[in-house]
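Structure first, commentary second.
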2 protein chains.
Amino acid sequence: MVTLADVAQHAGVSASTVSYVLSGKRSISATTRERVERSIEQLGYHPNAGARALASSRSNIIALMVPLRTDMYVPVMMEIAIAVATTARTFGYDVLLLTGEEGPSDVRRIEGSALADAMILMDVELHDDRLPLLREARRPAVLIGLPADTTGLSCVDLDFAAAGALCAEHLAGLGHREIAVIGEAPGVYERLTGFAERTLSGLRERSGELGLRLLHRPCEGSYAAVSATVGRIFDERPGTTAFVVQNEAATDPLLALLRQHRRAVPEDVSVVAICPDQVAVHASVPLTSVAVPAQEMGRHAVEQVVAKLAGRGTDEVVLIKPELTVRESAGPRAVPGDPL
Amino acid sequence: MVTLADVAQHAGVSASTVSYVLSGKRSISATTRERVERSIEQLGYHPNAGARALASSRSNIIALMVPLRTDMYVPVMMEIAIAVATTARTFGYDVLLLTGEEGPSDVRRIEGSALADAMILMDVELHDDRLPLLREARRPAVLIGLPADTTGLSCVDLDFAAAGALCAEHLAGLGHREIAVIGEAPGVYERLTGFAERTLSGLRERSGELGLRLLHRPCEGSYAAVSATVGRIFDERPGTTAFVVQNEAATDPLLALLRQHRRAVPEDVSVVAICPDQVAVHASVPLTSVAVPAQEMGRHAVEQVVAKLAGRGTDEVVLIKPELTVRESAGPRAVPGDPL
DNA sequence: CTGAAAGCGCTAACAT
DNA sequence: ATGTTAGCGCTTTCAG
């Protein structure tokens with residue numbers, strides 16, 4: 001194993017010089033720097049992570065807690081996780097993957113062992129156990145998601161309320177008056193993750209302003225569940241001409257069912273989705289959608305964490321502005337008695 | 001920050017005693033053990049990870065390299081990653097998430113910095129750059145997937161050839177004679193990940209033995225691509241009565257298209273999928289399928305890694321035996337002229 | 001601009 | 001069964 005001392009000897013300088021070449025924390029003459037760098041190269045030196053962490057009390061590791069329940073919008077989770085990992089490397093950090101299974105004690109463990117310099121938490125619940133601990137912690141934390149009380153915490157999330165409003169506006173602009181919302185599975189609402197409710201309230205508020213009638217139904221992602229929900233919606237509100245879907249798993253079944261019901265999309269019914277772009281693009285009818293910007297969220301989270309670790313940066317709630325992409329699933333409302 | 005010395009003082013013992021209580025590497029009298037444990041509890045002590053790694057040259061971290069391309073069978077990846085993380089914790093290890101973006105140099109970095117004690121690599125290509133490095137490495141590595149040359153390497157994977165054979169057998173047993181295989185996207189074959197080819201060869205071999213006619217078409221996951229592929233298959237082989245799908249994204253489009261073509265599943269056409277159970281269960285017709293046992297693969301990989309780290313365990317290729325679950329998408333071949 | 005040296009908190013001989 | 005102590009490899013004062 002090659003150590004700093006080996007490099008120092010090989011380059012004919014002292015250990016501290018090598019260390020400073022590496023950290024750039026004091027000025028080094030061009031010649032020594034080059035000599036040291038050559039030695040590092042030649043010997044294939046890599047600083048020992050443990051020693052470095054011990055001496056500097058910085059591990060250069062960011063802990064990422066992902067939700068254990070593997071049932072829900074898994075692709076987004078993975079996308080965020082990967083975005084976090086790649087962005088972190090960009091700043092010289094590695095990422096530790098925690099499942100949050102151990103709950104608050106996991107936070108304590110990381111904090112106590114100094115395994116990570118900071119934490120990023122995904123899919124935080126409105127009243128999460130871990131929040132009090134995070135507020136007390138000496139190490140910075142950033143949440144992806146928005147808890148009920150954000151004081152003393154940094155958060156990054158899509159502005160779901162604005163996303164809801166955007167959907168309402170888009171459909172109103174196309175002349176629609178009766179809209180049905182197919183939401184996340186009931187479990188999501190029960191877990192109080194918040195984002196589903198925020199979407200809904202944005203949707204409701206703007207619908208009110210625009211004079212739209214709204215019907216909301218939570219719905220499991222299975223084909224059967226979507227089928228039942230859609231049937232019910234058409235029974236209760238036969239005049240429904242547009243759907244807003246916020247449930248990755250339900251989009252494909254919804255499109256299939258509309259086809260089965262002999263409703264053309266977008267001629268007879270319009271559909272606007274809130275989902276990752278990938279899902280929207282691959283659907284049987286490319287979906288007009290508001291994207292859940294997974295990559296951007298991961299990147300933002302890391303940037304905030306790094307800023308805090310550098311002393312800059314404060315507690316901050318970043319709500320990413322939603323953008324609606326027009327594809328092929330939403331069009332003008334069919335005017336009764338006007339068969340085109 | 002609470003240190004080992006603090007605990008020692010509080011408990012009235014020496015530092016080494018505390019260390020040994022923690023590691024169990026030498027016998028401690030019940031009374032001192034209890035005293036020490038109480039002190040640890042009271043002070044909320046957590047061993048410093050860096051110091052421990054430095055002194056013991058073991059970080060208790062396993063590096064997991066996941067593929068960066070976020071386009072392919074992402075849900076399985078996430079499931080494996082989570083299984084790895086939870087299983088690892090079970091053995092006292094944490095998991096470092098690497099994207100493999102940096103390729104071989106990432107392996108060198110981890111190896112050189114002693115950041116992790118071992119590595120697990122997912123989605124390894126047949127002739128992966130990183131394999132030579134892994135063979136030379138002092139630290140154990142386990143692959144999830146099967147490269148061309150496995151000498152000096154431990155691997156865990158589903159026995160895809162057997163999975164292919166199993167599909168052929170099941171369909172043959174139901175009386176089918178002409179089978180079409182909808183495969184992964186062409187890119188997957190080009191990347192030479194191997195598993196798709198292995199499935200195909202198992203499928204071909206057993207089909208030969210059982211006298212089945214086989215048609216194979218790689219296929220993108222988009223609705224349009226599946227549509228084109230299915231159309232082509234029915235043109236070229238109108239007698240096709242069964243499909244084998246190995247492409248998560250294609251299953252739903254396939255079912256929708258068959259419906260559109262007025263072919264009932266399973267009465268007119270049978271479908272057998274090779275995909276995670278979750279996908280099979282949630283499809284519009286619950287799919288008879290061979291599961292990709294993500295959890296089991298993750299668990300096995302960690303167990304092998306831990307065994308190697310403990311000195312037990314050798315290089316070994318574990319091929320998990322596939323299991324076919326009968327659901328509702330495959331049935332007896334419709335006999336022409338027998339309208340039931 | 002560079003060196004020397006004192007730890008960082010823990011483990012693992014080596015003692016007893 | 002327990003204590004003493006010498007490092008592990010690096011960062012960072014303190015000196016020059």
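Numbers restart at 1 for each chain; the letters A, B, ... are given by sequence-line order, proteins then strands. Since we're looking at a predicted model, the values are computed, not measured.
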Once salt bridge (charged side-chain N to carboxylate O under 4.0 Å, His left out) is applied, do any residues pair with A/Asp277, and if so which ones, sequence neighbours excluded? A/Arg327
Between A/Arg89 and B/Glu101, is there a salt bridge with N-O shorter than 4.0 Å? no
Among residues 9-26 of chain B, which ones have heavy-atom contacts with DNA chain C below 4.0 Å? B/Ser16, B/Ser19, B/Tyr20, B/Lys25, B/Arg26
Expressed as a whole number of angstroms, how long is the span from [X]:[atom1] to [N]:[atom2]?
X	N	atom1	atom2	answer
A/Leu115	C/dG9	CG	C1'	14 Å
A/Leu4	D/dC8	CG	C1'	13 Å
A/Ile28	C/dG3	CD1	C1'	11 Å
B/Arg58	C/dA12	CZ	P	9 Å
A/Asn60	D/dT11	CG	C1'	13 Å
A/Arg33	C/dC1	CZ	C1'	12 Å
A/Arg35	C/dC1	CZ	C1'	13 Å
B/Asn48	C/dT11	CG	C1'	13 Å

Closest approach to the side chain of A/Ala55, judged atom by atom: which nucleotide of D/dT12, C/dC10, C/dG7 is it? C/dG7
A/Ala51 has a side chain; which of C/dT2, D/dC10, C/dC10 sits nearest to it?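 Ranking C/dT2, D/dC10, C/dC10 by closest atom to the A/Ala51 side chain puts D/dC10 first.
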Between [N] and [X], is there an OP1 or OP2 to side-chain N/O distance shorter than 4.0 Å?
X	N	result
A/Ser57	D/dT11	no
B/Thr32	D/dT2	yes
B/Arg52	C/dG9	no

Interatomic spacing from CE in B/Met1 to CG in B/Leu43 - rounded to 0.5 Å: 13.0 Å
Can you measure from CG (A/Leu4) to OG1 (A/Thr17) and round to the nearest 0.5 angstrom?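 OG1 of A/Thr17 is found 9.5 Å from CG of A/Leu4.
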Within the distance-only criterion (no hydrogens, no angle test), does the side chain of B/Ser113 pair as donor or acceptor with the backbone N or O of A/Pro47 below 3.5 angstrom?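 No; judged by distance alone, with no hydrogens or angles, the pair does not exist.
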For A/Arg139 and A/Glu111, indicate whether the former's side chain and the latter's backbone hold a donor-acceptor pair under 3.5 Å.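 It does hold such a pair.
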Assign A/Leu54 to base, sugar-phosphate, or nothing according to its heavy-atom contacts below 4.0 angstrom with the strands shown. base
Where do B/Arg135 and B/Thr151 land on the side-chain contact (heavy atoms from CB on, under 4.5 Å) test, with the steps shown first? CA-CA 8 Å; B/Arg135 278 188 260 258; B/Thr151 56; 3.7 Å; yes
